[in-house]
**Student:** 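Below you will find the structure I want to go over with you.
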Amino acid sequence: MRFNAIIIFVLLSFFAKGQFLDTFKVFLHSKPSIDARLESRYSFMNNSPTKVSGVRLGLSFKRKLRVGIGYSWLDTPVYDKEIVKDELGKPKIITSFFKFGYVCYYADFVFHKTKRWQLSVPIQVGTGMYWTRYDDGSKITNSKKRLLLFYEPGITVQYKMTRWCGLGLDVCARLALRNTNYVSNKLNSFVLAPKLLIWFDQIFYMAAPKSKITKKHGPAMW
């Protein structure tokens with residue numbers, strides 16, 4: 001069941017590929033706006049809910065294509081119990097925490113839009129490092145950092161409540177490309193990212209309808 005759902009996510013990302021390529025040049029010839037946001041993405045590791053926090057900075061073309069770069073990090077303690085030897089060679093149980101951080105490259109293409117509803121295909125690729133850390137009571141030990149690669153296809157649903165605010169939800173599948181048993185067991189998961197959306201440019205257009213900026217780029221629209 002889980003494998004089939006992941007395949008569906010991948011197919012959805014390719015479904016919009018033709019439309020994306022046909023309109024990509026048109027978007028690039030339009031004047032972009034800044035896409036800046038804080039982000040929280042929720043998934044499961046070790047069968048426990050986890051949160052990955054991040055920051056994003058990119059460009060938005062006609063509100064139908066967003067591309068950019070960001071940085072994300074694991075924001076929830078994820079740990080395993082391990083047996084190690086102390087200085088006398090005696091075994092003892094320690095708590096080993098899993099850590100990672102990565103740079104992500106993202107694109108989000110809108111393929112269906114009405115007055116209030118919007119469907120888009122977000123695609124994210126991440127490159128970074130993962131490691132483990134444990135404190136045996138006398139010192140903190142970090143393992144060797146290893147390369148992290150993953151791919152996140154998915155779909156986004158967005159509902160616009162007013163001209164300046166809305167709600168959204170990303171539903172993605174996180175797939176480790178460096179697919180060792182250790183990494184895949186930790187990282188392969190569904191990802192949910194609820195969003196509160198606020199369009200500050202629309203607030204400005206509504207607050208200052210007679211300004212030069214509003215006359216050039218506005219007015220506020222659905």
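Residue numbers start at 1 and run along the sequence shown.
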**Student:** Taking the side chain from R116 and the backbone from K160, do they hold a donor-acceptor pair closer than 3.5 Å?
**Tutor:** yes
**Student:** So, using ring pair (Phe, Tyr, Trp, His ring centres under 6.0 Å) as the criterion, who are the partners of Y159 when residues are at least two apart?
**Tutor:** W117
**Student:** For the pair T95 (side chain) and K81 (backbone), establish whether a donor and an acceptor sit closer than 3.5 Å, ignoring hydrogens and angles.
**Tutor:** no
**Student:** Determine whether the side chains of D35 and Y106 contain a donor N or O and an acceptor N or O closer than 3.5 Å.
**Tutor:** yes
**Student:** Write down the atom of K215, the atom of K210, and the distance for their closest heavy-atom approach.
**Tutor:** CE-O, 3.4 Å
**Student:** Rounded to the nearest 0.5 Å, what separates atom CD in E152 from atom CG in L187?
**Tutor:** 9.5 Å
**Student:** Give every residue pair that meets the salt bridge (Lys or Arg N to Asp or Glu O under 4.0 Å) criterion with at least one member in residues 122-134, sequence neighbours excluded.
**Tutor:** none
**Student:** Count the heavy atoms of every other residue, nucleotide or ligand shown that sit under 6.0 Å from CD1 of I213, and state whether that count exceeds 12.
**Tutor:** no
**Student:** Could I get the full list of side chain to side chain contact (heavy atoms under 4.5 Å, CB included) partners for K51, not counting sequence neighbours?
**Tutor:** S40, Y42, S53, D75, T76
**Student:** L148 and M129: which non-hydrogen atoms are nearest, and at how many Å?
**Tutor:** CB-N, 4.0 Å
**Student:** Identify, with sequence neighbours excluded, every residue that meets ring pair (Phe, Tyr, Trp, His ring centres under 6.0 Å) alongside Y205.
**Tutor:** none
**Student:** Apart from Y79 itself, what residues make up its hydrophobic cluster when side-chain heavy atoms of I, L, V, M, F, W and Y under 4.5 Å apart count as a link, directly or indirectly?
**Tutor:** F97
**Student:** Does the ring of W131 carry K99 above it, NZ/CZ under 6.0 angstrom from centre and within 45° of its axis?
**Tutor:** no
**Student:** Has the side chain of S143 got a donor or acceptor atom that lies under 3.5 Å from a matching backbone atom of T132?
**Tutor:** yes
**Student:** Answer yes or no: is there a donor N or O on one side and an acceptor on the other, between the side chain of D170 and the main chain of I155, under 3.5 Å?
**Tutor:** no
**Student:** Can you name the ring pair (Phe, Tyr, Trp, His ring centres under 6.0 Å) partners of F100, sequence neighbours left out?
**Tutor:** F98, Y102
**Student:** Tell me, do F111 and L119 make a side-chain contact under 4.5 Å, heavy atoms counted?
**Tutor:** yes
**Student:** Could you check whether R56 and S72, counting side-chain N and O atoms only, form a donor-acceptor pair closer than 3.5 Å?
**Tutor:** yes
